[in-house]
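Below, each value reflects all heavy atoms present in this structure, side chains not excepted, and no hydrogens, waters or symmetry copies.
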Amino acid sequence: MDQAGVSHGFLRSTNGAIAEFDIPGAVTFFVGAINAKAVVAGSLVDETQTAHGFIRHPNGHFTYFDFPGGAASAFVESMNAKDEIAGYYYEPDFTTNHGFVRSADGRLLLFDAPKAKRGTFAASINSKGQIAGSFDDKKFNASGFLRK
C-alpha cells in the first residue's frame with residue numbers, strides 16, 4: 001500500500017528486482033497464487049462491489065474471469081504449473097460459498113464438496129488437478145476433502 005492508501009501488486013524476481021503492477025478496474029485486489037512461469041492469479045472487487053478473478057501473464061497482460069450470479073467475494077488460493085486455478089467464491093448474500101477450478105483454457109467448473117451445507121473452501125491444486133480443501137456442514141463443523 002502506498003502513502004495514498006492504494007494497494008499495488010508486485011513480483012520479486014530471484015535476483016531481487018521488483019516489478020510493481022496495478023489491475024485495471026480494480027478497487028481492491030488480492031494476489032492468491034504464482035507459478036514457476038511467473039503467471040500470477042488472484043481476485044479483485046470492482047466499483048460495483050462485484051468480485052472477479054484475474055490472471056496476470058508474464059508479458060503484463062491480464063485475463064479476467066467471472067463467477068455466476070455476481071459473486072460478492074472470491075479467493076484464488078492455488079495455481080499449478082498447468083495454469084489451473086483453484087479457489088472459492090461467495091454468493092452475493094454471503095450465506096454460502098462454492099469451490100471452483102479454472103482450467104488453462106478458461107473453463108470454470110464450480111463444485112461443492114459432498115456433505116457441504118455451508119461452504120466449500122478449495123485450498124490447493126496439484127499437478128494432477130486434484131484439489132484439497134475443507135467444507136462446513138450445517139452445524140459449521142469443518143471437514144477436509146480431496147477432489148480427484
Side-chain angles (χ1 to χ4, degrees), residues 1 6-14 19-148:
M1 191 173 297
V6 178
S7 296
H8 305 279
F10 70 91
L11 295 171
R12 183 187 179 277
S13 68
T14 55
E20 188 176 292
F21 65 89
D22 292 313
I23 301 174
V27 172
T28 186
F29 68 92
F30 305 93
V31 173
I34 185 170
N35 66 17
K37 298 181 288 187
V39 176
V40 175
S43 58
L44 67 92
V45 175
D46 67 18
E47 59 196 23
T48 68
Q49 298 303 304
T50 303
H52 309 276
F54 74 85
I55 301 164
R56 183 188 183 276
H57 304 279
N59 63 6
H61 293 294
F62 288 90
T63 298
Y64 301 95
F65 58 97
D66 291 321
F67 303 94
S73 187
F75 298 91
V76 168
E77 294 291 314
S78 182
M79 179 173 42
N80 64 21
K82 297 177 185 176
D83 297 340
E84 297 169 323
I85 299 168
Y88 58 96
Y89 74 97
Y90 283 90
E91 292 181 7
D93 62 5
F94 282 102
T95 59
T96 191
N97 66 291
H98 309 281
F100 73 85
V101 59
R102 184 188 185 277
S103 64
D105 66 5
R107 289 177 290 141
L108 190 65
L109 175 69
L110 311 174
F111 67 92
D112 289 308
K115 300 180 184 177
K117 300 295 182 196
R118 299 283 184 179
T120 297
F121 304 90
S124 185
I125 186 168
N126 67 15
S127 62
K128 295 179 181 179
Q130 298 169 318
I131 298 171
S134 64
F135 67 90
D136 292 337
D137 66 16
K138 64 183 175 182
K139 294 183 180 179
F140 291 101
N141 295 312
S143 297
F145 73 87
L146 173 63
R147 184 178 184 277
K148 296 182 178 184

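No more than 12 heavy atoms of other residues, nucleotides or ligands lie within 6.0 Å of NZ in K115, so this atom counts as exposed by the packing criterion. Within a 6.0 Å radius of CD in E20, more than 12 heavy atoms belonging to other residues, nucleotides or ligands are found.
To the nearest 0.5 Å, atoms CE (M79) and CD (E84) are separated by 11.0 Å. With rounding to the nearest 0.5 Å, the separation of OG in S43 from CD in E77 is 8.5 Å. Between the CG atom of N141 and the CG atom of D136 there is a distance of 8.0 Å, given to the nearest 0.5 Å.
Judged by distance alone, the side chain of D46 and the main-chain N or O of T50 form a donor-acceptor pair under 3.5 Å. A donor-acceptor pair under 3.5 Å is absent between the side-chain atoms of S78 and the main chain of A86, judged by distance alone. Panel note: side chain T28, backbone V45; no donor-acceptor pair is recorded below 3.5 Å. Between the K82 side chain and the S127 main chain, a donor and an acceptor come within less than 3.5 Å of each other. Put simply, the side chain of K117 never gets that close to the backbone of K139: no donor and acceptor are under 3.5 Å apart.
A ring-ring contact (aromatic ring centres under 6.0 Å, His included) with F75 is found for exactly one of Y89, Y88, F67, namely Y88.
Considering all non-hydrogen atoms of both residues, G70 and P92 come closest at O-CG, 3.2 Å. Taking both residues in full, the closest heavy atoms of A113 and T120 are given as N-OG1, 3.0 Å, listed atom of the first, atom of the second, then distance. Nearest heavy atoms, H8 versus F29: C-CZ, 3.6 Å. The heavy-atom pair separating G25 from L44 by the smallest distance is O-CD1, 4.4 Å. Nearest heavy atom pair, residue A122 against residue F145, reads CA-CZ, 4.2 Å.
Under 3.5 Å, the side chains of T63 and H57 contain a donor-acceptor pair of N or O atoms. N35 and D83 share a donor-acceptor pair across their side chains, judged by distance under 3.5 Å alone.
In this structure the side chain of F100 reaches within 4.5 angstrom of the side chain of L108, judged on heavy atoms. Side-chain contact between P58 and V39 is present, with heavy atoms from C-beta onward closer than 4.5 Å. The closest side-chain heavy-atom distance from R147 to F111 is below 4.5 Å. Side-chain contact check for I55 versus Y64: every heavy-atom pair is 4.5 Å or farther apart. Using a 4.5 Å heavy-atom threshold, the side chains of Q130 and I125 count as separate. Looking only at side-chain heavy atoms (C-beta outward), N80 and N126 stay at 4.5 Å or farther from each other.
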Take V76 and F54, measure what side-chain contact (heavy atoms from CB on, under 4.5 Å) needs, and give me the verdict at the end. CA-CA 9 Å; V76 168; F54 74 85; over 6 Å; no
Using the side-chain contact (heavy atoms from CB on, under 4.5 Å) rule, take F65 and H52 through it: C-alpha gap first, then chi angles, then the decisive distance, then the call. CA-CA 6 Å; F65 58 97; H52 309 276; over 6 Å; no
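Ion pairing of R107 with D105 is present here, as a side-chain N (NZ or NE/NH1/NH2) and a carboxylate O approach within less than 4.0 Å.
The aromatic rings of F121 and Y90 stand perpendicular to each other, their planes meeting at an angle above 60°, with 30° marking the opposite boundary.
For the pair R118 and F135, the cation does not sit on the ring face, since its NZ or CZ is not both under 6.0 Å from the ring centre and inside 45° of the axis.
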